[in-house]
Amino acid sequence: MSSRKIDVDIITFNIAINCCCHSNRVDYAFSLLLSAFKRGFVPDVFTYTTLIRGLLSQHKSAEARLFFTNLIKLNELQPNVVAYSTMINGLCKTGHTEMALWLLRFMEKSECKPNTVTYTTVIDSLCQHGLVDDALILQSEMMEKGILPNVWTYSPLIQVLCKLNRWEELSLLLEQMIEDLNISPNVYTFTILVDAYAKSGKLDDAKQIIKIMNERGEYPNIVTYNSLMQAYCSQGQMDEALDVLSTIKSKKMMPNCYTYNILLDAYCRELKLDIAMVLYRNMECEGLSPTVVTHNILLHGLCRLGKTLEALAFFYKIQELGHKPEIVTYQTLLGGLCKSNYVDKALSFFQTMECNGLIPESKTYNIIICGCLWNKKYNEASKLVHKMVDCGFSADAITTSLLQQILTKVQDPTLLAMHQKCLQSGNYEQ
DNA sequence: CTCTGTTACG
């Protein structure tokens with residue numbers, strides 16, 4: 001555009017910067033910011049908000065925070081509600097809900113009041129972190145301030161109430177949304193309900209929601225159908241699950257990796273690995289590449305059948321095909337190896353995690369320690385606990401009953417101290 | 001021109 005002497009302005013730059021950020025090239029975005037400066041344009045609140053979002057989507061949250069605060073200090077940025085909401089969302093997504101809440105409270109006292117989006121963002125984060133009651137309080141607070149919740153605000157609240165089986169409160173909330181505020185549930189809201197019912201074994205309720213969706217023209221999408229499929233699968237109704245797959249195809253929708261992973265996992269749980277493998281090969285024909293989750297499901301399937309060594313061979317085969325294992329992959333195989341009494345293999349396999357750039361989690365240690373104890377390898381178990389401590393894990397990172405078992409055979413002051421600390425913190429049945 | 005939500009594995 002510049003070489004053709006077409007006039008550009010800061011908005012042109014903002015659009016291009018936004019483009020770079022959405023293509024995960026914040027570096028290019030910042031180059032464009034420099035060119036804008038060089039050409040005498042003054043970046044505005046849109047420019048900076050976009051760049052902050054770009055940094056956040058690239059997991060550069062510390063940089064985003066610094067950028068945001070410095071711009072304000074230097075008087076380059078007078079944030080509006082969108083700029084604040086963007087920053088608040090970034091804080092939430094990086095686990096800094098406290099800071100997000102602080103910024104929300106700061107806004108409430110300032111000239112720039114939070115809006116529905118701002119509150120929804122924080123409510124969602126509180127729900128995700130299990131702070132449902134705080135989220136519900138925040139939702140009533142916003143209403144008292146005259147900020148009306150919308151269909152987005154209700155989604156996380158509905159989801160978390162379902163997850164906690166707080167069905168009474170769910171129906172009250174749905175009533176408030178639909179009857180009092182006249183907000184119609186949309187595909188997202190309905191899908192959350194289908195999924196919740198699927199996971200709670202309420203197949204009939206899940207089916208009922210699909211019926212309502214079709215009646216109201218909020219047609220189920222691939223995510224909704226995947227959840228419905230999950231509902232059938234968890235009831236062992238595999239023929240009906242396959243009917244859902246046919247429905248998806250008849251509606252000219254494309255099954256995705258989730259669709260196949262749900263089916264594969266269900267067949268693996270029924271120990272029908274042959275069917276799972278047929279579906280696995282079928283994925284490629286549909287233009288779908290299996291993900292690490294697909295492979296984890298199959299590996300777990302092999303382990304369930306006691307075909308642990310085949311699982312190990314499959315692990316190496318998929319690695320040769322260029323698929324990187326994840327922590328779950330290791331945990332699946334470690335669990336399998338331990339259960340098949342290949343604890344020595346498990347121990348050496350455990351050592352290879354770091355070569356793959358994976359840092360064991362507390363759960364990883366608990367699996368292998370459990371395996372050691374199962375095979376009466378108390379000294380190995382004790383060594384692993386020490387390794388955990390060296391890696392900075394605290395006493396509550398290990399299951400108390402495992403510690404107790406080790407202590408019956410190994411005298412170790414460090415372990416004893418940990419055990420007592422666990423008992424005090426009251427997480428015995430963790 | 002900038003902000004919020006749904007599904008799979010240990």
Side-chain angles (χ1 to χ4, degrees), chain A residues 9-19 21-22 43-54 56-57 77 79-90 92-93 100 114-125 127-128 149-159 162 185-196 198-199 220-231 233 255-266 268-269 290-301 303 325-336 361 363-364 366-367:
Chain A
D9 57 12
I10 188 63
I11 300 178
T12 324
F13 271 97
N14 289 347
I15 294 168
I17 287 171
N18 193 31
C19 233
C21 289
H22 277 283
D44 59 13
V45 63
F46 289 88
T47 326
Y48 291 128
T49 304
T50 305
L51 285 165
I52 288 163
R53 200 202 66 86
L56 291 166
S57 71
L77 172 66
N80 60 14
V81 63
V82 178
Y84 275 117
S85 302
T86 303
M87 195 59 232
I88 285 174
N89 184 42
C92 289
K93 293 285 136 67
N115 64 12
T116 305
V117 176
T118 327
Y119 281 105
T120 300
T121 305
V122 178
I123 286 170
D124 179 54
S125 186
C127 289
Q128 300 244 8
N150 61 17
V151 68
W152 302 66
T153 317
Y154 282 96
S155 295
L157 292 167
I158 291 169
Q159 188 174 37
C162 290
N186 63 13
V187 181
Y188 284 86
T189 328
F190 283 127
T191 303
I192 288 166
L193 287 172
V194 172
D195 186 59
K199 290 192 168 80
N221 63 18
I222 186 66
V223 181
T224 325
Y225 280 124
N226 286 345
S227 294
L228 177 67
M229 213 170 182
Q230 179 81 276
C233 287
N256 60 17
C257 277
Y258 285 81
T259 320
Y260 277 94
N261 288 346
I262 290 163
L263 279 172
L264 282 172
D265 190 48
C268 284
R269 280 176 207 273
T291 65
V292 63
V293 177
T294 320
H295 292 129
N296 293 345
I297 289 165
L298 290 171
L299 288 167
H300 194 192
C303 290
E326 275 184 355
I327 202 113
V328 180
T329 322
Y330 269 92
Q331 285 169 182
T332 305
L333 274 167
L334 286 171
E361 293 172 358
K363 193 160 186 171
T364 328
N366 279 289
I367 290 167

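Nothing here was measured: the structure is a model prediction, and the numbers come from that model.
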Peer 1: Go through B:dC9, B:dA8, B:dT4 for me and flag the one nearest to the A:Lys93 side chain.
Peer 2: B:dT4
Peer 1: When all nucleic acid strands are considered with a 4.0 Å heavy-atom cut-off, which category describes A:Thr12: base, sugar-phosphate, or nothing?
Peer 2: nothing
Peer 1: Side-chain donor or acceptor of A:Thr121 under 3.5 Å from a matching atom on the base of B:dT4?
Peer 2: no
Peer 1: Quick one: which of B:dT6, B:dT7, B:dG10 gets closest to the side chain of A:Thr332?
Peer 2: B:dG10
Peer 1: If you only use heavy atoms from C-beta on, which nucleotide in B:dC1, B:dT4, B:dT6 is closest to the side chain of A:Gln128?
Peer 2: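 Shortest atom-to-atom distance from the side chain points to B:dT6.
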Peer 1: What is the distance, rounded to the nearest whole Å, between atom CG of A:Asn226 and atom P of B:dC9?
Peer 2: 12 Å
Peer 1: Atom NZ of A:Lys363 to atom P of B:dC9: distance rounded to whole Å?
Peer 2: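 Those two atoms, NZ and P, are 11 Å apart.
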Peer 1: Rounding to a whole Å, what distance do you find between A:Leu333:CG and B:dG10:P?
Peer 2: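 My rounded result for the distance is 13 Å.
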Peer 1: In whole angstroms, how far is the P atom of B:dT4 from the OH atom of A:Tyr119?
Peer 2: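 Those two atoms, OH and P, are 18 Å apart.
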Peer 1: Measure from the side-chain heavy atoms of A:Thr189 and tell me the nearest of B:dG10, B:dG5, B:dT2.
Peer 2: B:dG5
Peer 1: Any side-chain donor-acceptor pair under 3.5 Å between A:Ser227 and A:Thr224?
Peer 2: no
Peer 1: Ignoring hydrogens and angles, answer whether the base of B:dC3 and the side-chain atoms of A:Thr86 contain a donor-acceptor pair closer than 3.5 Å.
Peer 2: no
Peer 1: Describe the nucleic acid contact of A:Gln230 in one word from base, sugar-phosphate, nothing, applying a heavy-atom distance below 4.0 Å.
Peer 2: sugar-phosphate
Peer 1: Confirm from the modelled atom types if A:Thr49 and B:dT2 form a donor-acceptor pair under 3.5 Å, side chain to base only.
Peer 2: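 Checked by distance alone, the answer is yes.
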Peer 1: Are the side chains of A:Cys233 and A:Ile262 in touch, meaning some heavy atoms are under 4.5 Å apart?
Peer 2: yes
Peer 1: Applying side chain to side chain donor-acceptor pair (under 3.5 Å), run through A:Thr118 and A:Asn115 and close with a yes or a no.
Peer 2: CA-CA 5 Å; A:Thr118 327; A:Asn115 64 12; 2.8 Å; yes
Peer 1: Can you tell me which nucleotide in B:dG10, B:dC3, B:dT2 comes closest to the side chain of A:His300?
Peer 2: B:dG10
Peer 1: In whole Å, what is the span from the CG atom of A:Asp265 to the C1' atom of B:dC9?
Peer 2: 6 Å
Peer 1: A:Tyr188 has a side chain; which of B:dA8, B:dG10, B:dG5 sits nearest to it?
Peer 2: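 When the side chain of A:Tyr188 is considered, B:dG5 is the closest of B:dA8, B:dG10, B:dG5.
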Peer 1: Under 4.0 Å from OP1 or OP2 of B:dG10: is there any side-chain N or O of A:Arg269 that close?
Peer 2: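 Indeed, a polar side-chain atom of A:Arg269 lies that close.
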Peer 1: Looking for any heavy atom pair under 4.0 Å, which part of the strands does A:Ile327 touch: base, sugar-phosphate only, or nothing?
Peer 2: base
Peer 1: Rounded to the Å, how far apart are A:Asn150 CG and B:dG5 C1'?
Peer 2: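 That distance rounds to 10 Å.
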Peer 1: Out of B:dC1, B:dC9, B:dA8, which nucleotide sits closest to the side chain of A:Asn261?
Peer 2: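 In terms of side-chain proximity for A:Asn261, the closest of B:dC1, B:dC9, B:dA8 is B:dA8.
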Peer 1: For A:Arg53 and B:dC3, is the shortest distance between a side-chain N/O and OP1 or OP2 below 4.0 Å?
Peer 2: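 Indeed, a polar side-chain atom of A:Arg53 lies that close.
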Peer 1: Figure out the CG/P separation between A:Leu193 and B:dG5, and round it to whole Å.
Peer 2: 18 Å
Peer 1: Are any of the side-chain heavy atoms of A:His295 and A:Pro290 separated by less than 4.5 Å?
Peer 2: yes
Peer 1: Can you check whether A:Tyr258 stacks with the B:dT7 base, using ring centres under 5.5 Å and planes within 30°?
Peer 2: yes
Peer 1: Measuring from the side chain of A:Asn256 (C-beta onward, heavy atoms only), which nucleotide among B:dT7, B:dT4, B:dC1 has the closest atom?
Peer 2: B:dT7
Peer 1: Is any side-chain heavy atom of A:Gln128 closer than 4.5 Å to one of A:Lys93?
Peer 2: no
Peer 1: In this structure, how many angstroms lie between the P atom of B:dT6 and the CD1 atom of A:Ile158, rounded?
Peer 2: 13 Å
Peer 1: Checking A:Thr259 now: which residues fulfil side-chain hydrogen bond (donor to acceptor under 3.5 Å, both in side chains) with it, not counting sequence neighbours?
Peer 2: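 side-chain hydrogen bond (donor to acceptor under 3.5 Å, both in side chains) list for A:Thr259, sorted by chain: A:Asn226, A:Asn256.
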Peer 1: By nearest atom, which of the nucleotides B:dT2, B:dA8, B:dG10 is closest to the A:Lys199 side chain?
Peer 2: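 Ranking B:dT2, B:dA8, B:dG10 by closest atom to the A:Lys199 side chain puts B:dA8 first.
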Peer 1: Closest to the A:Glu361 side chain: B:dT2, B:dG10, B:dG5?
Peer 2: B:dG10
Peer 1: Please step through side chain to side chain contact (heavy atoms under 4.5 Å, CB included) for the pair A:Asn296 and A:His300, ending with a clear verdict.
Peer 2: CA-CA 6 Å; A:Asn296 293 345; A:His300 194 192; over 6 Å; no
